[in-house]
Novice: 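Once you've had a glance at the structure underneath, I'll fire off some questions.
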Number of protein chains: 2
Amino acid sequence: MKRPTIADIAREAGVSKGAVSYALNGRPGVSPATRERILAVAGRLNFHADSNARALAGAKARVVGLTLQRPPSTLGVEPFFMELISGLELELSRRSYALLLQMTPGRDEEVAFYRRWLSEGRVDGVLVCDVRTGDSRIAALEELGLPAVVIGPPDVSGSLPSVWSDDAQSMVEAVEYLAALGHRRIARVGGIVEFAHTAIRTAAFTGVCERLGLADAVTVPADYSGDSGARATRRLLGAAHRPTAVIYDNDIMAVAGLTVAHELGLSVPGDLSIVAWDDSPICRLLHPPLTALTRDIGAYGVAAAQLLLAAIGGATATSTHGAPAHLSPRGSTAGPPAPA
Amino acid sequence: MKRPTIADIAREAGVSKGAVSYALNGRPGVSPATRERILAVAGRLNFHADSNARALAGAKARVVGLTLQRPPSTLGVEPFFMELISGLELELSRRSYALLLQMTPGRDEEVAFYRRWLSEGRVDGVLVCDVRTGDSRIAALEELGLPAVVIGPPDVSGSLPSVWSDDAQSMVEAVEYLAALGHRRIARVGGIVEFAHTAIRTAAFTGVCERLGLADAVTVPADYSGDSGARATRRLLGAAHRPTAVIYDNDIMAVAGLTVAHELGLSVPGDLSIVAWDDSPICRLLHPPLTALTRDIGAYGVAAAQLLLAAIGGATATSTHGAPAHLSPRGSTAGPPAPA
DNA sequence: CTGAAAGCGCTTACAG
DNA sequence: CTGAAAGCGCTTACAG
């Protein structure tokens, strides 16, 4: 059978097409009895309105877009994005929205997709990840007037609503924990320097170490890849006054750090304590299991989808704070080695 | 400025809307000079045709759909899907197609989305993953007449074209390699039993072990999660005649297996050799780095997208064989321990 | 509360 | 090679 249209339903229910549209969209203009009859027919025919016709006639497309930069192969390894997408879809599906996913080589191409999606009428709004300070995408979106939500710190999201949590607070928790264990030389292997949340973490790390009077609180920049994490770790552990604890900005680099420590004959946590930001199943599987900063990334996705749908609906959405990552102490952290 | 339409372009170029459409779509019916003038105007206005109007008027929607079952948290950890999606998008973007991503609780819901997408005119075709023997989605898609490509073994893809490689050959390579090192007791921790490719691997494993006269060639079923891999490994290593080598159906379970071996005081590869199917950055980061069966998953994505676009274009696409996974020997494999 | 009609922005036969 | 027109399947004022 051909795909049924509202005309078919109107005929079967003995009403006009307009009435069918009102009934289907839950609008006033049809009596309860008529509405019920129409919905019954639509249900029996398993009717779904053509989304192209709907969007063309002025309704929403019911699609939101997500662009992701294809980085040097770290994307597939970090669970972050898949967990985020899971959360997004949980909320989007509930509201009958679909997700358009687009990988791009860089930020300029992301903006080009925003423009194109808007011109093509493909999406009602977009989600923005991996925000940098002065990110060109924010201004472009503000100018385009395309509803958008930033998944990142509010201070770089301009007038766009954002979803993020207080990374500074989590960093303080991690450093204070290590200090309480007795560590005095704590280092950090950081994420991509340009990302706004990296700057926040770095500032918090430096600040708390100063407050606690910890010297040598150095941050070595890296790019989330295992190789970069390994390189940074070798550099730290090869120094004269090597740190007794290292905090990594993602789990992949922490895994690499653990391996480098083993290579160098250092025991973890006996000679070196390790903390990973962003917990993942891998952290729990290692030997020793990694102490990690755990957060519910799926919940970010749910919150971001809610904000975006609200913005699409015309509400002035306000930024949301998720629960900050909290420390999950495991076997990779202990007191520092006794002074030789 | 309002979004320009073909009417605007027609006016500026001094032609009819029909001519603009023909020019934009590279169809005959306009002279080269006119075409060039039209394209120049469209380019200057940064024009992109409204995809809803285009689809409604009978052209393609230029969207393909991918449904992924949300499994017990393994999705985020396995790089497989992100790499697959990267490959898909590489080809789709090249052809101006977008990807609609939908996570679902189960296969029945996947079929419901296929039906709905078709009714709504949202997608021109879909991609199918994680195929089981007698998978209900295949028959449903054949009946719906929605163009589709299976990413899985051809023998379970019905009349749909498929993209997969010869897992049996790769399994033989791995077992023969271990046998050549001297191993006589090789076990396997398998993936989800219902998946078609799991059955193929199991049959190949059993077959080659029989051919080589290896006894105790048992496959312990698991579900790709680290926990299940750890449990299966404990069971294998706790047995009277424990294996000297284990092949894991994914990298997460192999990592868990490595940790269990360490827990039990077994050295890898001294006491136990480990092989992981599906290489990932994590495999290279561990200590020892894991010997793995490596394949180019992104290439599967490219091939699948090509097949699907061909099918959407009306061609009778034929299944494609990707390069089989090949063994990357690393530190986790060596000869078996000398008999006590 | 309901019906008839215009219009969204395209594509595509159909005449010239 | 070009123009005028119908039609895709909806939504939404606008009359009754």
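Computed from a prediction, not measured in an experiment: that's the story for all the values here.
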Novice: Please state how far atom CG in L56(A) lies from atom P in dC10(D), giving the value in whole angstrom units.
Specialist: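 It is 12 Å, rounded to the nearest whole Å.
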Novice: Can you confirm whether V126(A) sits close enough to L100(A) that some side-chain heavy atom of one is under 4.5 Å from a side-chain heavy atom of the other?
Specialist: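 When only atoms from C-beta onward are counted, L100(A) and V126(A) do not touch, as no gap falls below 4.5 Å.
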Novice: Return the nearest nucleotide to the side chain of A53(A); candidates are dG3(D), dC10(D), dG3(C).
Specialist: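 Selected nucleotide (nearest to the side chain): dC10(D).
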Novice: Between dC10(D), dC1(C), dA4(D), which one does the side chain of S16(B) approach most closely?
Specialist: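 Looking only at side-chain atoms, S16(B) lies closest to dA4(D).
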Novice: So does R107(B) pair up with E110(B), basic N to acidic O under 4.0 Å?
Specialist: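 A salt bridge is absent here (no side-chain N lies under 4.0 Å from a carboxylate O).
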Novice: Please report the closest heavy-atom contact between G121(B) and N52(A), naming both atoms and the distance.
Specialist: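 Scanning both residues, the minimum pair turns out to be O-OD1, 2.8 Å.
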Novice: Looking at residues at least two apart in the chain, or sitting in another chain, which of them share a side chain to side chain contact (heavy atoms under 4.5 Å, CB included) with D130(A)?
Specialist: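 F81(A), F195(A).
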Novice: Pair R11(B), D8(B) - check salt bridge (Lys or Arg N to Asp or Glu O under 4.0 Å), show working.
Specialist: CA-CA 5 Å; R11(B) 194 170 350 94; D8(B) 299 320; 2.7 Å; yes
Novice: Regarding R3(B) and D50(B), does a basic nitrogen lie under 4.0 Å from an acidic carboxylate oxygen?
Specialist: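 A salt bridge is present here (some side-chain N lies under 4.0 Å from a carboxylate O).
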Novice: Map A57(A) and P32(B) onto DNA chain D by nearest heavy atom, then report which one ends up closer to the 5' terminus.
Specialist: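 Its nucleotide being nearer the 5' end, the pick is P32(B).
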Novice: Scan the side chains in residues 54-63 of chain B for donor-acceptor partners under 3.5 Å anywhere in the protein, sequence neighbours excluded, and list what turns up.
Specialist:
none

Novice: May I have the distance from K17(B) (atom NZ) to dG3(D) (atom C1'), rounded to whole angstrom?
Specialist: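 Going from NZ in K17(B) over to C1' in dG3(D) covers 12 Å.
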Novice: What nucleic acid atoms does T5(B) come within less than 4.0 Å of, heavy atoms only: base, sugar-phosphate, or nothing?
Specialist: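 It contacts sugar-phosphate atoms only.
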Novice: Among the candidates dT11(D), dT11(C), dG9(C), find the nucleotide nearest to the side-chain atoms of R54(A).
Specialist: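 The closest nucleotide is dT11(D).
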Novice: On DNA chain D, check which nucleotide each of N52(A) and S31(B) is closest to and give me the residue with the more 5' one.
Specialist: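 By nearest-heavy-atom nucleotide position, the 5'-most residue is S31(B).
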Novice: Any idea which of dC8(D), dC10(D), dC8(C) is nearest the D50(A) side chain?
Specialist: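 It is dC10(D).
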Novice: For DNA chain C, produce a single dot-bracket line, 5' to 3'. Pairs: Watson-Crick or G-U wobble, both distances under 3.5 Å. Symbols: ( ) within strand, [ ] crossing, | other strand, . unpaired.
Specialist: |||.||||||||.|||
Novice: Can you measure R11(B) atom CZ to dG9(C) atom P for me and round it to whole angstrom units?
Specialist: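 Taking CZ of R11(B) and P of dG9(C), I get 12 Å after rounding.
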Novice: Any donor-acceptor pair under 3.5 Å linking the side-chain atoms of T104(B) with those of T67(B)?
Specialist: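 No donor-acceptor contact under 3.5 Å links the two side chains.
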Novice: Each nucleotide N or O in nucleotides 13-16 of chain C that has a protein N or O under 3.5 Å away: list the pair and distance.
Specialist:
{"residue": "dA13(C)", "atom": "N7", "partner": "Y22(B)", "partner atom": "OH", "Å": "3.2"}
{"residue": "dA13(C)", "atom": "N6", "partner": "Y22(B)", "partner atom": "OH", "Å": "3.2"}

Novice: Can you identify which nucleotide, out of dT2(D), dT2(C), dT11(C), has its nearest atom closest to the V30(A) side chain?
Specialist: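 Given the options dT2(D), dT2(C), dT11(C), the side chain of V30(A) is closest to dT2(C).
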Novice: Using the salt bridge (charged side-chain N to carboxylate O under 4.0 Å, His left out) rule, collect all pairs that involve residues 15-44 of chain B, keeping only residues at least two apart or in two chains.
Specialist: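 Checked against salt bridge (charged side-chain N to carboxylate O under 4.0 Å, His left out) - neighbours excluded - the pairs reaching residues 15-44 of chain B are E12(B)-R44(B).
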Novice: Run the side chain to side chain contact (heavy atoms under 4.5 Å, CB included) test against R295(B) and tell me which residues pass, sequence neighbours left out.
Specialist: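 Counting only residues at least two positions away or on another chain, R295(B) forms a side chain to side chain contact (heavy atoms under 4.5 Å, CB included) with F80(B), W164(B), D167(B), R201(B), W277(B), D278(B), I297(B), Y300(B), A325(B).
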Novice: What contact category does T34(B) fall into here, base, sugar-phosphate, or nothing, at under 4.0 angstrom with non-hydrogen atoms?
Specialist: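 The answer is sugar-phosphate, as T34(B) gets under 4.0 Å only of primed atoms, P, OP1 or OP2.
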Novice: Measure NZ/K60(B) against P/dC8(D) and give the value in whole Å, please.
Specialist: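 Interatomic distance, NZ of K60(B) to P of dC8(D): 18 Å.
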Novice: What is the nucleic acid contact for S21(B), judged by heavy atoms within less than 4.0 Å: base, sugar-phosphate only, or nothing?
Specialist: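 Base contact.
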Novice: I need the CG-C1' distance between N25(A) and dC10(D), as an integer number of Å.
Specialist: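 Atom-to-atom, N25(A) to dC10(D), this comes out as 9 Å.
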Novice: Tell me: CD1 of I6(B) to C1' of dG3(D), nearest whole Å?
Specialist: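 I6(B) atom CD1 is separated from dG3(D) atom C1' by 13 Å.
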Novice: For the pair made of CG in D8(B) and C1' in dG9(C), what is the distance, rounded to whole Å?
Specialist: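 Atom CG in D8(B) sits about 11 Å away from atom C1' in dG9(C).
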Novice: In this structure, how many angstroms lie between the P atom of dG3(D) and the CD1 atom of I38(B), rounded?
Specialist: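 Value for this atom pair: 9 Å.
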